[in-house]
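Heads up, the thing below is written out as structure tokens.
Just so it is clear: chains get the letters A, B, ... in the order the sequence lines come, proteins before strands, and each one is counted from 1.
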Amino acid sequence: MNLLLENELNSALVAVFEKNGLDKKFAFVKVSDRSDLSDFQCNGALALAKIAHKNPREIASLIAEELQKIDFIDAVSVDGPGFINIKLKNEFIAQNTDKMAADERLGCGEVDDKHKVVLDYGGPNVAKEMHVGHLRSGVIGESIRRIEKFVGNEVIADVHLGDWGTPMGMILAEIIKTDGNLDKVESYDIAQITEFYKRANIRCKEDETAKEDARKITAELQGGNPQYRKAWQHLRSESIKAIKENYEQLDVNFDLWWGESDAHETCGEIVKIAREKGVSEIDEGAEIIRLEESNKPKPPVIMVKSDGAFGYQLTDIATIKMRYDEFSADEIVYFTDSRQALHFEQVFEVVEKLGIAPNVKLKHIVFGTVNGADGKPFKTRDGGVMNLETLIEMSKDKVRQSLPKAGEVEGYGEKEIEKLTSQIAVAAIKFQDLKNTIVSGYIFELDDFAKFEGKTGPYIQYAIARINSVLRKAKANGINFGKVILQAPEERTLALKLAQIHNVVMRAHNEKEPSIIADYTYNLAQTFSTFYNACSVMNAESAELASSRLTLAKLVRDVLTLMLYLLGIEAPEVMLKAENQG
RNA sequence: GCGCUCCUAGCUCAGCAGGAUAGAGCAACAGCCUUCUAAGCUGUGGGUCGGGCGUUCGAAUCGCCCGGAGCGCGCCA
């Protein structure tokens, strides 16, 4: 059950359209583009007129006349070429607001076709430091995970580690080159492991024989060489430990910690299935599957490389089979940047060809890369990428400057201040990322992740903190929650904005686009701030009005808190301020 | 060369199942703290929506062409 104001309007419109023999496909309203003229508008008359070759204003007038009679509608007008502008009665909006306040889901409905969805995001690699390039996938994925759950779907989130490719052979080769053997591997921590990887990476770029060694070791590792396996286990578990720390700080969560290596056995099965179906062939020593090239040229999928190791596409294909077999997933969604678009096109096509996951919806949500000022994927000045840890610390430092020191405020010792710092810093970072539409990517500006004014996470947290403060004061002054009365324009605007929640969540869900929620959340916080400035609770003209405003304020707080939750952001109870601040 | 994505205010971006004066944030400028937290609010200035052609009563939104940017294109993942 959702509490959209549009529902009643739409069904009223359908009745009017049917009565007049008009195609009810166009019988719907949307939030008005002209809030000065109306709350909602219906553009159906324009579309109908085009088809029927009639005067749009005539059709619009016909509809408007019928709408006038409806009791919850305040005013209807036909404007411009044939827009139908509708204003609702205040009492109707107020009642709806009361219902929202009483509803535990705040007026937001669930999806009709609940299903099971596997989300594949994060995708960190063993032995590689997590950097800002890893931010988007994790942050977006976490938000989608929460949205999916909230709308009623069953969700399984898989981090899907990169733990099975040539980089594994590269790092083992590098360690052997340095130590002469793998005896010391288990004493290495993540910093040392990362160092080895960096050196391996440089070496393999310059030295073809080093690359050759790495490939050989990779193939043997995959083949089951016990010595390599044992060393690799250590690299893997050390990496996971470090990765978990990073994700924990950002509140990015997973149900599964699968990796490419977990698909190894299934990879073998896939190769067999492909052979049986006769879709694979040997070409230049590799076992490949050719793809349709009718619409555009596409390289074939290399299942088994000429050295016997599995190609990375095969692990993704095998993983889909596993998710289908083990979880009977209805939908699998991947979140990676646009550079992997072709990869997933190929993978999905092979899955289809082999029939290993029938009726599973496979989606690749492509997002833009995090770019530097030069428009290319972000690199720091020294050519590296900024690691995630540094970014978080930097943002925290900025937050600390605006907070009181531990002990300065009663009840806020070191632990509490540190928690506040992290909540605000993480909000700044995540919101900064999430407010961008997925596809477009963004320019990485270090300062943006430590900004707390304007369209930022802390701005929204601040609005929530102010409401909490009002609620505390109201309680102390004996003001209770009451029925919503819409008197001031700021109250009305706020109530209308609140009523959009269901549509916002559903759109974000359908489009897999958290920025829709981010945008709305900021909008609502802004609308609230205007209301807050104009409509005092404590000094309201009457007790009824004070109670009404209190209900509105609390509802706003609850909606904002829920929206932040869906973005993966926490809302602190208070936002403290350092002495020297404002 | 082929394919994908993109080009909107000084900067970073929304808007794009065609519609009424193209919106935010930042930056700039002018106001607002004996009144519920000024991480806030109010207001001002700023745009030939990359260029052209077309479809349409109507195009930032759809189609084609051109220009510019980024990414990808068989044994890296």
Side-chain angles (χ1 to χ4, degrees), chain A residues 33-34 36-37 41 43 46-47 49-50 56 79-83 85 123 125 162 164-167 170 204 211 214-215 260 283-288 290 295-307 309 311-313 315-316 337-343 345-346 366 368-369 371 374-377 399 402 424 428 435-437 439-443 445 447-448 451-456 458-463 465-474 477 479 515-516 519 522-523 525-526 529-530 532-540 546 549-550 553 574-577 581-582:
Chain A
D33 292 330
R34 292 286 302 268
D36 54 326
L37 298 178
Q41 60 177 315
N43 297 352
L46 291 160
K50 189 165 192 165
D79 302 285
F83 300 106
N85 280 312
N125 298 310
W164 207 230
T166 309
M170 280 163 60
C204 288
K211 215 168 172 180
R215 274 201 282 264
E260 292 165 343
D283 193 76
E284 297 174 35
E287 193 159 352
I288 67 166
R290 291 196 194 280
N295 36 358
K296 66 175 178 183
K298 237 178 271 167
V301 167
I302 295 178
M303 290 195 298
V304 186
K305 298 189 266 189
S306 49
D307 63 10
Y312 74 110
Q313 289 169 316
T315 70
D316 270 331
D337 76 44
S338 54
R339 286 175 290 198
Q340 295 202 46
L342 179 59
H343 163 72
E345 255 181 75
Q346 293 175 293
V366 175
T369 47
N371 296 330
D374 56 0
K376 295 180 181 172
V399 175
S402 64
I424 297 169
K435 75 175 188 185
N436 298 290
T437 43
V439 69
S440 62
Y442 58 88
I443 308 268
E445 289 283 354
D447 294 346
D448 286 346
K451 246 177 207 155
F452 315 129
E453 285 153 26
K455 194 169 179 178
T456 64
Y459 172 95
I460 295 155
Q461 292 178 319
Y462 181 66
R466 280 165 130 186
I467 299 173
N468 285 332
S469 176
V470 171
L471 293 175
R472 282 192 301 269
K473 289 207 165 134
N477 287 290
I479 299 172
S515 71
I516 291 171
D519 203 55
Y522 175 68
N523 247 306
Q526 217 176 21
S529 291
T530 303
Y532 177 87
N533 263 48
C535 305
S536 173
V537 174
M538 244 53 80
N539 302 313
R549 287 173 181 173
L550 195 63
V574 294
M575 296 277 275
L576 299 176
K577 219 164 292 173
Q581 297 278 308

Touch class at under 4.0 angstrom, heavy-atom based, for A/Tyr532 against every strand present:
base
B/C49 and B/G23, which share atom name C1', separated by this distance in whole Å
12 Å
Quick one: does A/Asn43's side chain get under 4.5 Å of A/Phe83's, heavy atoms only?
yes
A/Asp79 CG to B/A20 P: how many Å, rounded?
13 Å
Are OP1 or OP2 of B/C13 and a side-chain N or O of A/Ser440 less than 4.0 angstrom apart?
no
Donor-acceptor pair under 3.5 Å: do we get one between A/Asp283's side chain and the base of B/G74?
yes
Using the aromatic ring of A/Tyr462 (for Trp, its six-membered ring), decide whether it stacks on the base of B/G40 within the limits of 5.5 Å and 30°.
no
Please confirm whether the shortest side-chain N or O distance from A/Lys305 to OP1 or OP2 of B/A77 is below 4.0 Å.
yes
Under 4.0 Å, heavy atoms only, any strand: does A/Val301 hit a base, just the sugar-phosphate, or nothing?
nothing
Taking any heavy-atom pair under 4.0 Å as a contact, classify A/Ile467: base, sugar-phosphate, or nothing.
nothing
Distance, rounded to the nearest Å, where A/His343 contributes NE2 and B/C76 contributes C1'
12 Å
So, is A/Arg466 near the phosphate of B/A38, with a side-chain N or O under 4.0 Å from OP1 or OP2?
yes
Tell me: CZ of A/Arg472 to P of B/C36, nearest whole Å?
14 Å
For B/C33, does the glycosidic angle fall within 90° of 0 (syn) or outside that (anti)?
syn
Taking the ring of A/Tyr522 and the ring of A/Tyr459, is the distance between their centroids below 6.0 Å?
yes
Please classify the nucleic acid contact of A/Gly80 as base, sugar-phosphate, or nothing, using heavy-atom distances under 4.0 Å.
nothing
Whether A/Gln346 contacts B/G74 is assessed here as follows: a side-chain N or O lying under 4.0 Å from the phosphate OP1 or OP2. Is that the case?
no
Rounding to a whole Å, what distance do you find between A/Ile443:CD1 and B/U12:P?
6 Å
Is the closest basic N to carboxylate O distance between A/Lys305 and A/Asp307 below 4.0 Å?
no
Please determine if a side-chain N or O atom of A/Lys455 lies less than 4.0 Å away from the OP1 or OP2 oxygen of B/U12.
no
Considering only heavy atoms and no angle criterion, is a donor-acceptor pair shorter than 3.5 Å present between the side chain of A/Gln340 and the base of B/A77?
no
Donor-acceptor pair present, A/Glu445 side chain and B/C11 base, under 3.5 Å:
no
Report which part of the nucleic acid A/Ser536 touches: base, sugar-phosphate, or nothing (heavy-atom distance under 4.0 Å, all strands).
base
Of all the base pairs, Watson-Crick or G-U under 3.5 Å, which form stems of three or more consecutive pairs involving RNA chain B?
B:1-7 with B:67-73, B:10-13 with B:23-26, B:28-32 with B:40-44, B:50-54 with B:62-66
With rounding to whole Å, what would you report as the distance between B/U55 and B/A69 at their C1' atoms?
29 Å
Can you find an N or O donor on one side and an acceptor on the other, under 3.5 Å apart, linking the side chain of A/Ser306 with the base of B/C75?
yes
Of the candidate nucleotides B/U37, B/A20, B/C13, which contains the atom at the shortest distance from the side chain of A/Thr437?
B/C13
With respect to the phosphate group of B/C71, does any side-chain polar atom (N or O) of A/Ser338 fall under 4.0 Å of OP1 or OP2?
no
Are any of A/Arg339's side-chain N or O atoms less than 4.0 Å away from OP1 or OP2 of B/U5?
no
Pick the P atom in B/U12 and in B/G72, then give their distance to the nearest Å.
22 Å
Partners passing side-chain contact (heavy atoms from CB on, under 4.5 Å) against A/Leu37 (at least two apart in sequence or in another chain):
A/Arg34, A/Asn85
Hey, is the side chain of A/Tyr459 poking within less than 4.0 Å of OP1 or OP2 on B/C41, counting only N and O atoms?
yes
